[in-house]
Amino acid sequence: MQLSPDDHIFWQYGFVKINATIVFTWALMFIMAAGSKIVTSKLSTGLKRSRWQNLLEIIITTIEKQIEEVGLSQPQRYLSFLGTLFLFVAFANICTVIPGYKPPTGSLSTTAALALCVFVAVPLFGIVDQGAIGYCKSYMEPTFIMLPFNIIGEITRTLALAVRLFGNMMSGEMIIGILLTITPFIFPIIMTVLGLLTGLVQAYIFTILATVYIAAAMGNQRSGPEAESKK
Amino acid sequence: MLIDWFTVIAQVVNFLVLVWLLKRFLYAPILNAIDAREKRIAAELADADARKDEAQKERDEFKHKNEEFDQQRASLLSKATLDAQSERQRLLEDARMESEGLRARQQEALRNDYQNLKEDIIGRTRDEVFAIARKALNDLATVNLEEHMVEVFIHRCRALHEEEIKALQYAFKAATEPARVRSTFPLQAEQQKAIELAAREVFAFAGQFHFEISPDLVSGIELSVNGHEVAWSIADYLLELEKNVGEHLIVQPRPVVQKESNPDESKPEAQPES
């Protein structure tokens with residue numbers, strides 16, 4: 001039994017290989033980009049617009065609102081990164097209803113890559129917002145003794161982010177696989193529907209956590225008692 | 001091994017490419033469309049607000065104009081009413097004056113008609129009476145009557161008041177022309193002499209006498225000098241009669257005029273002159 005779509009290799013040349021994770025990712029990327037291109041090529045600025053445009057507008061404005069609610073006052077700056085994160089994970093998980101499809105998010109490599117992106121993006125946004133020194137100082141708060149703990153916390157939360165998504169998606173896949181061998185009728189369908197819900201929840205959790213990490217890195221936009229005490 | 005590092009790197013690249021692709025084809029166009037729509041809606045709302053303000057302004061202006069119009073209409077109506085009343089008053093006054101004038105003209109015409117009729121009646125009556133009297137007197141005119149007339153004339157001269165006699169004496173003295181004696185009938189020589197004697201005696205006249213016949217005198221004798229005269233004639237009686245008849249006829253139509261005139265507006269001049 002293959003635990004990860006990484007093990008399904010289509011082509012390999014030494015270190016370089018094309019496995020199911022990459023192929024399905026490309027397929028998702030193509031569908032998302034082409035679909036966006038098709039829908040946005042006929043955008044209407046009037047009050048009458050297409051259903052697809054309405055759907056995309058609802059999704060994007062909802063993501064913006066969620067980002068803003070977390071504490072980032074300028075959501076459009078982070079929309080590209082966080083929105084893509086959510087849409088990719090959600091779309092990858094929704095597509096599990098397609099027979100033969102292996103979600104890339106069921107690969108620890110993919111979740112690790114996404115967590116790595118978050119791991120890099122958080123300090124980048126922090127540095128852009130408050131400068132390198134200002135951002136580095138935040139690791140020594142409340143005292144410099146906390147510096148190693150903050151660094152460890154940064155790494156472990158990234159690791160947790162990757163493993164959480166991978167574990168949930170992989171476990172969902174495995175449960176469905178096991179159930180198919182035990183009770184091949186009806187019950188796997190229910191679990192697949194449950195898996196859709198779980199996948200969307202995971203996409204939401206992954207994105208919200210990434211947003212919270214970025215918001216935490218924004219010194220002047222940080223919300224809560226910590227930010228108030230800083231002021 | 002669960003993590004394939006090549007796949008990790010490839011997925012990072014794939015993710016970054018996907019971020020760029022979605023930013024290029026999804027976020028930017030959708031956000032631009034939303035912004036454009038919001039701007040358009042904001043512009044439409046602003047336009048609607050402006051139109052609403054304009055409509056409100058026009059409504060206020062219209063209301064103000066309506067009120068002004070009502071006021072103007074009311075003032076014009078009251079002015080027209082006053083004008084109509086004054087015009088009505090004027091027309092009534094004109095009509096009254098015209099009717100009064102007409103009535104006055106009618107009364108004047110009636111008065112003239114009455115006067116003409118009266119004169120006509122008087123004239124005819126006089127003429128008839130004169131004609132009858134002349135005819136009767138002419139028929140009765142005999143020598144005796146003529147002698148009586150001369151005697152009556154002489155008696156009358158003598159019976160004059162002293163003042164009259166004195167005035168006539170003065171006139172006779174101042175006369176340079178002969179005294180003129182007019183009579184209806186030719187006087188006999190004795191009659192002429194009797195008249196001359198009476199005149200010389202009463203008026204102390206020393207001048208000449210000139211006797212002439214005048215048919216205008218109705219059975220009468222007239223002695224005149226320098227515009228002063230002494231006369232006796234039946235015409236005097238006839239004149240008295242004419243006067244009495246005229247007065248009687250003037251008094252008679254009075255009730256007729258009174259009936260035609262308005263009692264409230266009757267004026268003293270409306271009554272015929274006596």
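Chain identifiers are assigned alphabetically (A, B, ...) following the order of the sequence lines, protein sequences preceding nucleic acid strands; residue numbering begins at 1 within each chain.
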Does B:Glu98 CD have over 12 foreign heavy atoms under 6.0 Å away?
no

Heavy-atom pair of closest approach, residues A:Gln53 and B:Ala33
NE2-CB, 4.3 Å

Nearest heavy-atom neighbours spanning A:Cys117 and B:Phe15:
SG-CD2, 3.7 Å

A:Glu154: partners by salt bridge (Lys or Arg N to Asp or Glu O under 4.0 Å), with sequence neighbours left out:
A:Arg157

Are B:Leu31 and A:Leu79 side-chain neighbours, meaning at least one heavy-atom pair lies under 4.5 Å?
yes

Interface moiety of A:Ile38 toward chain B, non-hydrogen atoms closer than 4.5 Å
neither

Residue A:Lys17 excluded, over 12 heavy atoms near NZ under 6.0 Å:
yes

Contact origin within A:Leu87 toward chain B - heavy atom pairs under 4.5 Å
side chain

With a 4.5 angstrom heavy-atom cut-off, could you sort out which part of A:Ile22 is near chain B: side chain, backbone, both or neither?
both

Please indicate whether A:Phe15 has more than 12 foreign heavy atoms, meaning atoms of other residues, nucleotides or ligands, lying under 6.0 Å from its CZ.
yes

Considering only heavy atoms and a distance below 4.5 Å, find which of A:Ala112, A:Gly83, A:Ser107 pairs most often with chain B.
A:Gly83

Of all of A:Thr21, A:Leu28, A:Thr111, A:Ile18, which one pairs up most often with chain B through heavy atoms under 4.5 Å apart?
A:Thr21

Flag if over 12 foreign heavy atoms under 6.0 Å of CD, B:Glu163:
no

Most heavy-atom pairs under 4.5 angstrom with chain A, which of B:Leu21, B:Thr7, B:Ile34, B:Val12?
B:Thr7

Flag for A:Thr25-B:Gln11: side-chain donor and acceptor within less than 3.5 Å:
yes

Need one label for A:Ser41: side chain, backbone, both or neither, based on atoms under 4.5 Å from any heavy atom in chain B.
neither

Would you mind checking which part of A:Leu43 comes under 4.5 Å of any heavy atom in chain B, side chain (CB onward), backbone (N, CA, C, O), both or neither?
side chain

Using a 3.5 Å distance criterion without hydrogens, assess whether the side chain of B:Arg24 forms a donor-acceptor pair with backbone atoms of A:Lys37.
no

Among B:Leu26, B:Val19, B:Leu22, B:Leu18, which one satisfies side-chain contact (heavy atoms from CB on, under 4.5 Å) with A:Ser80?
B:Val19

How long is the gap from OG on A:Ser36 to CD1 on B:Ile30, to the nearest 0.5 Å?
8.0 Å

Cut-off 4.5 Å, heavy atoms of chain B, and the answer for A:Val16 is both

Between atom OG1 of A:Thr45 and atom CG of B:Asp35, what is the distance when rounded to the nearest 0.5 Å?
11.5 Å

Pair B:Tyr27-A:Thr84, side-chain donor/acceptor within less than 3.5 Å
yes

